[in-house]
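When a ligand or atom number is given, it counts from 1 through the structure's own listing order. For reference, positions follow the sequence shown, starting with 1.
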Amino acid sequence: MSLAQASATARRVLLPATLDRAPPPLGGRVHGFTGRTMGTTWSVRLVAGVRLAREPVFRAIQGALDEVVAQMSTWEPGSTLSRFNRAEAGTWHPLPAEFHEVLACARAVAERSDGAFDPTAGALVDAWGFGPAPRGELPRAARLAQARARAGWRRLDLDPARRALLQPGRLALDLSAIAKGFGVDLVARRLHALGLESHLVEVGGELRGSGVKPDGRPWWVQLEHPDAEAGGAPVLLALHGLSVATSGDYRRWFEHAGTRYSHTIDPRDGLPIRHGLAAVTVIHAGCMQADAWSTALNVLGPVDGTALAGRLGLAARFVVRRGAGFEERTSVAFDQFLK
Ligand code: ADP
Ligand code: MG
């Protein structure tokens, strides 16, 4: 781990290890699309000829995101996930391929983060009022104890052959910390299938880029920072076959009696995280992985999180609150992108 000391004016540039030399598509230009999904916005920029038929492309993008919501949203009472959460104990539920893929990744991140990330934290999320039913007050100890008893990724019983999941009784899934990233990946896959290989996909701030623009340059993005003024130099990243996701309580929180609570819960004690982390950004080939790991490392905090990122070779940046300002910690894998 290194503690980056950056001057407030310098711009730091992150480049992927390999930039393929494929020429930009001839005669192409950048087309922009935007829409709404998962309580936030999405945007796509892609390279195609001037005569691109926009409507089918828009439908492919919105359709992919609508599928993710229909399967994995806790906010849709009719989603596959919501129906699973309400199901009787002892019942098996065949999962659509996408749901299965996300749950398998979520379980792997849960295991490797020792439960800091937990896709079965749904009852805890509800107890704190971060789910669809907001609560004006803090949960009482008894309610929290009940919610904790219902959670636990080790209760997941997934039959890979049948792609079916067992409801062991009152297990409540919540995939909100990974589904946005997966939505980005799914949109990118659909664009590839349409032959639109050069694109930048964004859902609620999580990004994935592929190919280059008509001028041959990669898609440059600026990494999110809670306070670019106080926190040092802006970081620019060329998203060439890469994704980036950020988790942080500077974006979204819950307030009670003048106190701000993070909407990310530490499933190990059932409480909103309360260390000094403002944001964790993860760069990964897959946006689903980047999204899940940014949440996992956010829960683990600046000390355990940087240690695990180091051990697993994850490219991560931690923005830690220090008094009125911010301090940055980056993993070795993150620094390797720095040119
Ligand atoms: P953001 O909305 O800032 O992108 P995250 O990707 O970290 O945030 O997702 C936060 C959401 O994930 C919460 O609103 C909640 O539904 C769910 N969640 C909270 N804590 C955890 C956790 N420890 N593991 C998995 N999901 C969580
Ligand atoms: Mg996340």
Side-chain angles (χ1 to χ4, degrees), residues 37-42 68-69 72-76 79 81-82 85 102-103 105-135 144 147-148 151-153 156 171-185 202-208 224 226 243-254 260-275 277-284 286-301 304-305 308 314 316 318-319:
T37 188
M38 304 181 204
T40 183
T41 53
W42 62 260
V68 176
V69 169
M72 297 172 233
S73 174
T74 49
W75 302 76
E76 292 291 332
S79 72
L81 181 144
S82 295
N85 287 354
V102 172
L103 192 61
C105 175
R107 188 173 58 175
V109 174
E111 186 168 4
R112 295 169 87 191
S113 68
D114 205 12
F117 179 91
D118 194 334
T120 69
L124 281 167
V125 172
D126 283 348
W128 284 99
F130 304 154
R135 292 166 55 87
L144 270 186
R148 285 184 68 190
W153 63 271
L156 286 171
L171 185 67
L173 298 178
D174 183 327
L175 297 173
S176 298
I178 184 171
K180 253 194 292 174
F182 176 74
V184 170
D185 289 341
E202 181 258 341
V203 177
E206 325 297 23
L207 289 145
R208 177 180 176 120
E224 276 188 57
S243 304
V244 62
T246 299
S247 170
D249 61 14
Y250 75 96
R251 275 174 155 197
R252 205 147 63 84
W253 64 85
F254 162 77
R260 260 164 82 156
Y261 296 89
S262 167
H263 71 116
T264 302
I265 292 167
D266 187 338
R268 297 164 306 174
D269 63 10
L271 305 176
I273 53 172
R274 61 215 165 277
H275 44 58
L277 261 182
V280 182
T281 297
V282 172
I283 303 171
H284 198 285
C287 201
M288 167 170 75
Q289 290 85 349
D291 193 5
W293 276 113
S294 64
T295 301
L297 297 178
N298 190 13
V299 172
L300 287 169
D304 294 348
L308 185 64
L314 292 166
F318 297 74
V319 180

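- Heavy atoms of A177 found under 4.0 angstrom from ligand 1 belong to the backbone as well as the side chain.
- Close contacts of ligand 1 with T264, meaning ligand atoms under 4.0 Å from a residue heavy atom, involve 7 (O), 19 (C), 20 (N).
- When only interatomic distances are considered, the shortest N/O to N/O separation between K180 and ligand 1 falls below 3.5 Å.
- When the Mg ion (ligand 2) is compared with the N/O/S atoms of D291, atom OD1 turns out nearest.
- Interface atoms of ligand 1 facing V299, defined by a heavy-atom separation under 4.0 Å, are 23 (N).
- Of all non-hydrogen atoms in S247 and T264, the two that sit nearest each other are OG-OG1, 4.3 Å.
- Taking a cut-off of under 4.0 Å to the non-hydrogen atoms of S247, the atoms of ligand 1 that pass are 7 (O).
- For ligand 1, the polar-atom distance check finds an N/O of A116 within less than 3.5 Å of one of the ligand's N/O atoms.
- Counting the atoms of ligand 1 from 1 in the order shown, those under 4.0 Å from a heavy atom of P267 are 23 (N).
- Taking CG from D266 and CG from L300, the interatomic distance works out to 8.0 Å, rounded to the nearest 0.5 Å.
- Distances below 4.0 Å separate heavy atoms of F117 from the following atoms of ligand 1: 24 (N), 25 (C).
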#### Entry: Derivation and outcome, side-chain hydrogen bond (donor to acceptor under 3.5 Å, both in side chains), residues T246 and T281
CA-CA 4 Å; T246 299; T281 297; 3.0 Å; yes
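- Nearest approach of S262 to P272, heavy atoms of both residues: O-CB, 3.4 Å.
- Here A177 contributes O and T295 contributes OG1, and at the Mg ion (ligand 2) these two atoms make an angle of 100°, given to 10°.
- Contact record, L171 with N85: O-OD1, 3.6 Å, taken as the closest heavy-atom pair.
- The distance from atom CG of L175 to atom CG of D291, rounded to the nearest 0.5 Å, is 10.5 Å.
- For atom 13 (C) of ligand 1, the candidate residues are H263, M38, E206; the nearest heavy-atom contact is made by H263.
- With 2.8 Å as the limit, S294 does not count as an N, O or S neighbour of the Mg ion (ligand 2).
- Residue-level proximity to ligand 1 for D291 is carried by the side chain, the only part with a heavy atom below 4.0 angstrom.
- Of the polar atoms of I265, at least one N or O is found under 3.5 Å from an N or O of ligand 1, judged by distance alone.
- The distance from atom CE of M38 to atom CD of E76, rounded to the nearest 0.5 Å, is 11.0 Å.
- Here G181 does not reach the Mg ion (ligand 2): none of its N/O/S atoms is less than 2.8 Å from the metal.
- When all heavy atoms are compared, the tightest approach of C287 to E206 is SG-CB, 3.8 Å.
- Between K180 and D185 there is no salt bridge, since none of the side-chain N atoms of the basic residue sits less than 4.0 Å from a carboxylate O of the acidic one.
- Those atoms of ligand 1 with a heavy atom of T295 less than 4.0 angstrom away are 5 (P), 6 (O), 7 (O).
- Atom CG in L173 sits 6.0 Å away from atom CG in L103 (nearest 0.5 Å).
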